Amino acid sequence: MTLSKEKKKIFFVLFCLFLLYIAWGSSFFFTKLGLAYIPGVLLGGVRAAISGILLFILGIMTQGYYKISFSDIKYAAILALFQVFCSSALLAKGQETITSGLAALLCGTVPLLMVLGEWLLWGGKRPHLKHFIGLVIGLTAIASINISTLFNGDISLLGLFLTLASVFSWVFAGHYAKTCCISNRLYIFQSTGLILFIGGLESLAFGFAIGERWDLSLFDFNGFLILAFLVLLSSIIGYTTYLWLLYHVRPAVAYSYEYVNPVIALVLGAIFLGETLTLYHIFSCIALLGSVFLVSNYGKE
């Protein structure tokens, strides 16, 4: 039986979502492991720069070479600043002082903040009552767990600030990529590779500027495996599938990875990193997932 073109696209979308869930759901865990070998901003820069080079070469080999224009570089540079440097590098730096599970919960607010940004900043439709209910539930759950954690002295304000900055940067980058993708004429591999490479260079420059250094004597085989995972799965597969979904499906579908990221990160952190997993964390995770579900069809009505 021959599948129709529409069904083939549906299966491909589901396959991309599966890859994205695995790649980014476990990235918080492997980033936390990688911090034992490379400081936060440099870790984000190394993985992004290597991923960018490999993706660009892969794009030339599989899709041919497309001459890069000034508009392509401008588009990539803006996304690299917010989507790679401000998001990935600052998130890795923030995870030096907060748990991987808490970082995932904070990043889980992206769909909620996208709805607010779409409405308040970018001229989108006014959310319905159920959307407002979802926003209040989700943001309240995240705010309450962060306030309680701060009072317990388990995390630093700097780590919390850096993680929140990465979340807001990701929200802006997602809107910019969705609204301006028509100006980007590069193939998907070349486009993603260029974004990652530029963002990686920005992260490396900033990391060295603030005094971070990579002690190669501490980098053993386990460190190589962790970095390889972050490069191949989290960066190359993660960013490629995310950008493809962002260009071809509704934003709510592309952001659906936020349903599973907190769950995967909390479980991996509790099992392998010894991070505290309380009923309060579980309740906040459930509340966040429910709130994201309520706002997931925003813009479709």
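Treat the numbers as computed from the prediction; the structure is a model and nothing was measured. Values reported hereafter were calculated over all heavy atoms of this structure, with side chains retained and with hydrogens, waters and symmetry mates removed.
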Please report the closest heavy-atom contact between [X] and [Y], naming both atoms and the distance.
X      : Y      : answer
Gln83  : Ile195 : OE1-CG2, 4.3 Å
Ala80  : Gly199 : CB-N, 3.4 Å
Ala89  : Ser203 : CB-OG, 3.4 Å
Leu232 : Ile236 : O-CB, 3.3 Å

- Task: Could you check if a side-chain atom of Phe30 sits within less than 4.5 angstrom of a side-chain atom of Leu268, using non-hydrogen atoms only?
- Result: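 Contact flag for Phe30/Leu268 side chains = no.
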
- Report the C-alpha distance between Leu204 and Val46 in whole Å, list the side-chain angles of each, state the deciding distance to 0.1 Å, and finish with yes or no for side chain to side chain contact (heavy atoms under 4.5 Å, CB included). CA-CA 7 Å; Leu204 289 172; Val46 169; 3.8 Å; yes

- Tyr242 and Trp24 aromatic ring geometry - parallel, tilted or perpendicular at 30°/60° bounds: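 Answer is tilted, since the angle falls between 30° and 60°.
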
- Task: Look at the aromatic rings of Trp244 and His248 and report parallel, tilted or perpendicular, splitting at 30° and 60°.
- Result: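 Taking His248 first and then Trp244, their aromatic rings lie parallel (interplane angle under 30°).
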
- Query: If you group Ile, Leu, Val, Met, Phe, Trp and Tyr by side-chain heavy-atom gaps below 4.5 Å, do Leu230 and Phe272 land in one group?
  - Reply: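 Shared cluster, yes.
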
- Query: Side-chain heavy atoms under 4.5 angstrom apart, residues restricted to Ile, Leu, Val, Met, Phe, Trp, Tyr: same cluster for Phe208 and Leu201?
  - Reply: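 Unlinked, Phe208 and Leu201 end up in two clusters.
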
- Query: Are the ring centres of Phe206 and Phe85 closer than 6.0 Å?
  - Reply: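 Aromatic pair counts; centres sit under 6.0 Å.
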
- Message: Tell me if the CZ atom of Phe161 is crowded by more than 12 foreign heavy atoms within 6.0 Å.
- Response: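 Check fails, neighbour count at 12 or below.
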
- Message: Between Leu90 and Thr163, is the side chain to side chain contact (heavy atoms under 4.5 Å, CB included) condition met? List the steps.
- Response: CA-CA 7 Å; Leu90 293 186; Thr163 305; over 6 Å; no

